[in-house]
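Chain A is the first sequence line, chain B the second, and so forth, proteins listed ahead of strands; every chain is numbered from 1.
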Amino acid sequence: MSSALPSNALPERVDLPGRRRLRFAPSPTGELHIGNVRTALLSYCLAGEDGRFLVRIEDTDRERYQPESVPGYLETLAWLGLQWDEGPDIGGPCAPYTESERLPYFEAAVERLVEAGAAYYCFCTRERLDQLRAAQRTAGLPTRYDGHCRTLTAAEATRRRELGEPAVVRLLVPAGETRWDDLVLGPQLFDNETIDDQVLLKSDGFPTYHLAQVVDDHLMGITEVVRAVEWLPSTPKHLITYAALGWEAPRFAHVALVLGQDHSKLSKRHGAQTVREFRELGYLPEAVVNFLAFLGWSPGTEEEIFTLAELRRRVTFDRLQASPAVLDQQRLDYLNGVWIRKLPAEQLALRIQPFLPEAAPEQLIPIAAMVQERIRRLDQVPGLLAFAFSEPEPGADFLRGKLDPREAAAFLQDIPPLLGTAPDPAAEMMDRIRSLAETHAKGDRAAAKKYIRVLRVATTGAEVTPPLPESIALIGAEKAGRRIDRAIRVLTEAA
RNA sequence: GCCCGCAUCGUCUAGCGGUUAGGACACCACUCUUUCAAGGUGGUAACCGGGGUUCGACUCCCCGUGCGGGUACCA
């Protein structure tokens with residue numbers, strides 16, 4: 001509770017920048033999930049170019065709190081390009097942006113609610129609550145607090161608190177019904193009978209997110225709250241709290257969940273799920289953003305490749321989808337390939353570097369050029385280029401393929417003179433190799449391919465590689481020559 | 001149990017009463033080609049079921065079913 005904020009003061013909300021103000025309020029309990037990031041992306045986009053996107057840290061659960069996850073969250077958002085206008089690191093007109101530093105606001109709000117009779121102290125024990133719920137369940141009733149402490153007098157509550165009895169503060173849900181027009185789901189109606197007297201302030205003095213979200217969203221001037229449907233049932237509680245505090249509620253947009261391939265909620269067994277994992281697999285932020293945007297949104301046209309900036313201009317509430325989406329990694333792979341091919345070679349080289357630390361700096365741009373249209377993920381680069389960074393030793397049978405070993409060796413004998421002629425354009429080198437192969441194949445073009453294959457295997461040890469001239473250039477003419485010599489030796493011995 | 005949400009090809013989606021139900025991924029052919037890719041061409045593939053409403057339902061309403069979420073002093 002170390003805070004510079006004045007105690008028990010609930011400030012008036014001031015004029016805040018931005019036509020729209022949307023926030024992303026993650027709870028620091030580990031790593032950002034792909035689903036979390038999608039709502040962050042949506043919020044960022046929906047704020048629009050003339051709006052503000054803020055990040056707030058919802059660290060009200062002291063048991064699950066992992067302080068070291070905050071820098072990771074910010075780094076992830078930055079990696080994706082979701083630049084925030086206000087946040088815990090950069091501050092802003094509503095600082096602080098970390099809820100644990102805003103306790104006085106929540107205390108003040110609670111005081112106001114209790115005084116207004118909209119909330120009350122509750123001393124019920126865990127055991128009593130458990131029994132209550134079990135009984136309600138067997139009776140076929142909604143499980144909810146029975147209002148046992150609702151009738152406590154203020155004096156009684158104060159006395160028990162002063163005696164040190166643990167207490168929480170609960171929202172007093174009035175009779176009636178609660179409705180709102182959801183920006184994604186349309187008109188919503190909840191019978192207040194089914195809404196629980198939610199705990200707003202825990203016995204440790206921290207607010208639950210129900211209180212924290214309401215107070216902070218109001219104080220921070222949030223205009224639209226974008227969150228996953230898992231929050232839908234708690235929205236009435238929030239609306240009741242806003243009303244009790246005399247505040248106008250923001251508009252709500254509940255977006256559908258992202259599901260795993262088996263249609264269940266995304267979890268560990270679905271493979272990659274945190275943004276860090278996708279990043280380590282070699283996905284580009286451009287592709288992740290593009291992909292995520294289409295989980296629950298579409299432009300209504302047949303366009304499908306969008307930059308983040310374009311998305312920010314195009315994404316609107318009325319085109320958000322209400323049905324859940326299954327994460328299809330094959331489609332992500334495809335989009336990633338598209339984005340890899342869009343990158344200038346120098347840019348791609350920079351992105352490849354971490355995946356290929358053994359490459360010399362001057363090799364990276366040629367490498368980028370030769371892998372650009374053959375990879376869908378950056379982590380495929382080392383495999384594709386293994387021949388350049390290790391010494392392959394193909395055996396005679398593999399080398400000769402369907403050729404007579406003597407004929408294969410004879411063809412390879414004629415290659416070295418072609419290698420020294422660099423810096424030839426790749427196309428010219430390939431022309432010479434091809435015509436040489438055709439000569440050995442006596443004009444049979446199909447047979448010529450078998451000779452070219454021998455050269456490929458001899459120099460790279462693999463049947464599938466990037467184009468030969470580029471591959472040989474990467475290996476280096478000298479080293480390629482040695483590999484050819486070795487292959488000739490192996491083939492001759494086998495003959 | 002109780003409350004709530006969703007429902008078009010395998011997947012992401014377009015559609016907002018009258019369409020040969022469109023696109024993309026994946027898949028299959030063919031093509032291009034030094035291998036692999038990338039590219040090009042073509043193809044297979046969908047309105048969950050039943051009732052209404054309507055001259056006419058993928059589109060609107062109801063029921064069912066399925067899937068999902070919530071039901072905490074977690075978010």
Side-chain angles (χ1 to χ4, degrees), chain A residues 25-29 36 58-61 63-65 122 124 126 129-130 133 136-144 166-170 182 184-185 188-191 193-196 198-210 212-213 227-236 254 256-257 259 261 263-265 291 294-305 321-335 337-338 341 371-376 384 430-431 433-434 437 445 448-453 455-457 460 462-469 471:
Chain A
S27 174
T29 55
N36 299 329
E58 205 153 76
D59 58 344
T60 56
D61 183 348
E63 292 185 12
R64 295 200 308 157
Y65 179 46
C122 170
C124 290
R126 187 97 220 176
L129 296 174
D130 286 345
R133 290 190 192 106
Q136 287 168 333
R137 205 187 159 98
T138 50
L141 297 167
T143 53
R144 41 164 299 201
V168 300
V169 174
R170 286 181 185 276
D182 195 274
V184 175
L185 302 174
Q188 300 293 309
L189 169 67
F190 280 79
D191 183 345
E193 282 302 307
T194 65
I195 305 170
D196 207 355
Q198 184 63 49
V199 170
L200 298 177
L201 195 70
K202 305 181 231 182
S203 55
D204 65 2
F206 276 71
T208 59
Y209 84 99
H210 297 282
Q213 286 199 353
R227 37 149 80 146
V229 275
E230 53 187 331
W231 301 102
L232 192 67
S234 52
T235 306
H254 288 93
L257 255 25
L259 307 177
Q261 288 83 342
H263 294 227
S264 71
K265 200 172 171 178
F291 174 72
F294 274 75
L295 257 32
W297 174 82
S298 84
T301 65
E302 287 178 0
E303 305 160 275
E304 54 171 2
I305 305 301
Q321 175 118 10
S323 53
V326 172
L327 188 129
D328 179 7
Q329 201 163 327
Q330 279 188 314
R331 190 176 169 82
L332 210 207
D333 282 351
Y334 161 77
L335 283 173
V338 169
R341 274 171 260 130
V371 300
Q372 186 151 33
E373 57 182 36
R374 356 192 96 72
I375 56 168
R376 314 189 117 193
L384 200 54
M430 199 59 225
D431 282 346
I433 291 172
R434 199 184 300 110
R445 292 190 66 123
K449 292 183 182 182
K450 296 175 185 168
Y451 285 90
I452 294 172
R453 178 196 168 279
L455 176 58
R456 170 169 274 115
V457 174
T460 68
E463 284 181 299
V464 175
T465 73
L468 262 179
S471 298

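For B/G66, the paired base is B/C6 (Watson-Crick or G-U wobble, both distances below 3.5 Å). Pair check for B/U35 finds none; no Watson-Crick or G-U wobble contact set falls under 3.5 Å. With a cut-off of 3.5 Å on both pairing distances, the Watson-Crick or G-U wobble partner of B/G1 is B/U71. With both pairing distances under 3.5 Å, B/A24 is matched to B/U11 as a Watson-Crick or G-U wobble pair. Applying the Watson-Crick and G-U wobble criteria (two distances, each under 3.5 Å), B/A29 pairs with B/U41.
B/C48 and B/C6 have their P atoms separated by 15 Å, with the value rounded to a whole Å. Separation of the C1' atoms belonging to B/U13 and B/C47 is 13 Å when rounded to the nearest angstrom. Between B/G5 and B/G10, the two C1' atoms lie 24 Å apart (nearest whole Å). With C1' as the reference atom, B/U59 and B/A7 are 13 Å apart, rounded to whole Å. The same atom, P, is picked in B/C73 and in B/C16; the two are 47 Å apart, to the nearest Å. Across the C1' atoms, B/A45 and B/A26 are found 11 Å apart, a figure rounded to whole Å. Comparing B/C25 with B/U20, their P atoms are spaced 25 Å from each other, to the whole Å. For B/A57 and B/G66, the C1' atoms lie 22 Å apart once the distance is rounded to whole Å.
If you find the closest nucleotide of RNA chain B to A/Pro324 and to A/Gly296, the one lying nearer the 5' end belongs to A/Pro324.
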Pairs under 3.5 angstrom, nitrogen or oxygen only, protein versus nucleotides 62-64 of chain B, please.
none

Under-3.5 Å N/O pairs linking protein and nucleotides 18-22 of chain B:
| residue | atom | partner | partner atom | Å |
| --- | --- | --- | --- | --- |
| B/G22 | O2' | A/Glu302 | OE2 | 2.8 |

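Using a 4.0 Å heavy-atom cutoff across all strands shown, A/Leu257 reaches sugar-phosphate atoms only and no base atom. In this structure, A/Ala256 reaches neither bases nor backbone, as no heavy-atom distance under 4.0 Å exists between it and the strands shown.
Rounded to an integer number of Å, the gap from CG of A/Leu232 to P of B/C6 is 9 Å. When the P atom of B/U11 is taken as reference, atom CD of A/Gln330 falls 13 Å away, rounded to whole Å. Rounded to an integer number of Å, the gap from CG of A/Asp328 to P of B/C9 is 14 Å. Whole-Å rounding puts the A/His263 NE2 to B/G69 P distance at 13 Å. Rounded to an integer number of Å, the gap from CD of A/Gln136 to C1' of B/C2 is 10 Å. Going from atom CG of A/Leu335 over to atom C1' of B/A24 covers 9 Å, rounded to whole Å. Here B/C27 presents its P atom at 14 Å from CZ of A/Arg331, a figure rounded to the nearest Å. What separates CZ of A/Phe291 from C1' of B/C12 is a distance of 8 Å, to the nearest Å.
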* Taking protein heavy atoms under 4.0 Å as touching, what does nucleotides 29-50 of chain B look like 5' to 3' if B marks base contact, S marks sugar-phosphate-only contact and - marks none? -> -----BBBBSS-----------
* To do: List the protein contact pattern of nucleotides 70-75 of chain B with one symbol per nucleotide (5' to 3'): B for base contact, S for sugar-phosphate-only contact, - for none; contact means a heavy-atom distance under 4.0 Å.
  => SSSBBB
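Taking 4.0 Å as the cut-off between side-chain N and carboxylate O, A/Lys202 and A/Glu63 do not count as a salt-bridged pair.
Looking at heavy atoms from C-beta onward, A/Pro236 lies out of side-chain contact with A/Gln198 at the 4.5 angstrom threshold. Side-chain contact between A/Gln188 and A/Thr235 is absent, with no heavy-atom pair separated by less than 4.5 Å.
Partners of A/Thr60 by side-chain hydrogen bond (donor to acceptor under 3.5 Å, both in side chains), not counting sequence neighbours: none found. Qualifying side-chain hydrogen bond (donor to acceptor under 3.5 Å, both in side chains) partners for A/Glu373, counting only residues two or more places apart in sequence or in other chains: none.
Not one N or O on the side chain of A/Thr143 forms a donor-acceptor pair closer than 3.5 Å with the backbone of A/Gln136. For A/Arg144 (side chain) and A/Glu193 (main-chain N/O), a donor-acceptor pair under 3.5 Å exists by modelled atom type. A distance-only check finds a donor-acceptor pair linking the side chain of A/Asp182 to the backbone of A/Val184 [under 3.5 Å]. Remark: the backbone N or O of A/Phe294 is not paired with any side-chain donor or acceptor of A/Ser298 at under 3.5 angstrom.
Between the OG atom in A/Ser27 and the CG atom in A/Asn36 there is a gap of 9.5 Å [rounded to 0.5 Å]. Atom OG1 of residue A/Thr208 and atom CD of residue A/Glu58 lie 9.5 Å apart, to the nearest 0.5 angstrom. Note that the CE atom of A/Met430 and the CD1 atom of A/Ile452 stand 4.0 Å from one another [nearest 0.5 Å]. Rounding to the nearest 0.5 Å places CG of A/Leu335 at 5.0 Å from CD1 of A/Ile305. In this structure, CZ on A/Arg331 lies 8.0 Å from CZ on A/Phe291, to the nearest 0.5 angstrom. Annotation: the span from A/Leu327 atom CG to A/His263 atom NE2 amounts to 11.5 Å, rounded to 0.5 Å.
Between A/Ser298 and the phosphate of B/A14, there is a side-chain N or O to OP1/OP2 separation shorter than 4.0 Å. Regarding contacts with the backbone of B/G5, a side-chain N or O of A/Gln188 is found under 4.0 angstrom from either OP1 or OP2. One finds a side-chain N or O of A/Gln321 lying less than 4.0 angstrom from the OP1 or OP2 phosphate oxygen of B/A14.
Between A/Val168 and A/Ser203, the closest heavy-atom pair is CG1-N, 3.7 Å.
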